[in-house]
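Take a look at the structure below.
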Amino acid sequence: MFFFVLHVIIRTFAKNEILVIVAMEPKIGDKMRVSPQLTSQSDWIDGEVIDVEHNPFTGLVISIKDKLGRIFFGQSRYFVAL
């Protein structure tokens with residue numbers, strides 16, 4: 001079985017136009033890049049998703065592991081897909 005979650009944000013504009021933005025939730029094994037704001041490093045760090053958690057207080061939390069074995073985790077706003 002294939003399960004996936006779509007996060008849908010609906011915004012209304014002038015003249016009753018609606019823009020729907022759909023973003024796929026990352027899966028374990030996906031490649032992502034984490035922001036320097038989260039890692040305190042000078043550049044973005046690439047890694048592989050090792051965990052995805054739905055936290056009721058902070059929202060979607062993603063954990064990645066880089067090629068050096070370091071693990072970074074945080075809110076999804078600090079991550080971008082490669």
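The structure presented is a predicted model; accordingly, all values stated were derived computationally and were not measured.
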| request: Would you please name every residue forming a side chain to side chain donor-acceptor pair (under 3.5 Å) with Glu48, sequence neighbours left out? | output: Lys31
| field | Which residues share a side chain to side chain donor-acceptor pair (under 3.5 Å) with Lys65, sequence neighbours left out | value | none
| field | Spacing of Ser76 atom OG and Glu53 atom CD [to the nearest 0.5 Å] | value | 12.0 Å
| message | Applying side-chain contact (heavy atoms from CB on, under 4.5 Å), can you list everything that pairs with Val52, at least two apart in sequence or on another chain? | response | Glu25, Pro26, Val49, Leu60
| message | Using the side chain to side chain donor-acceptor pair (under 3.5 Å) criterion, which residues pair with Asp51? Sequence neighbours excluded. | response | none
| query | If you group Ile, Leu, Val, Met, Phe, Trp and Tyr whenever their side-chain heavy atoms sit less than 4.5 Å apart, what else falls in with Phe57? | reply | none
| query | Minimum heavy-atom separation for Gly74 to Phe79, with atom names? | reply | O-CE1, 3.5 Å
| field | Straight-line distance of Ser40 OG to Phe72 CZ, nearest 0.5 Å | value | 9.0 Å
| message | Among residues at least two apart in sequence or on other chains, which ones pass side chain to side chain donor-acceptor pair (under 3.5 Å) with Gln37? | response | none
| field | ILVMFWY cluster membership beyond Val80 - transitive side-chain contacts under 4.5 angstrom | value | Trp44
| remark: Quick note, salt bridge (charged side-chain N to carboxylate O under 4.0 Å, His left out) partners involving residues 67-76, not counting sequence neighbours, are Asp66-Arg70
| remark: Closest non-hydrogen atoms of Ser42 and Pro36, given as atom of the first, atom of the second and distance, are O-CG, 4.3 Å
| query | Under the salt bridge (charged side-chain N to carboxylate O under 4.0 Å, His left out) rule, what pairs show up with a residue in residues 72-82, not counting sequence neighbours? | reply | none
| query | Which other residues belong to the hydrophobic cluster containing Ile50, where Ile, Leu, Val, Met, Phe, Trp and Tyr are joined when side-chain heavy atoms lie under 4.5 Å apart, directly or via other members? | reply | Ile71
| field | Residues which pass side-chain contact (heavy atoms from CB on, under 4.5 Å) with Asp43, listed by chain and number, not counting sequence neighbours | value | none
| query | Can you tell me how far the CD1 atom of Ile62 sits from the CD1 atom of Ile28, to the nearest 0.5 Å? | reply | 11.5 Å
| Is Tyr78 reachable from Val61 through a run of hydrophobic residues whose side-chain heavy atoms are each under 4.5 Å from the next? | no
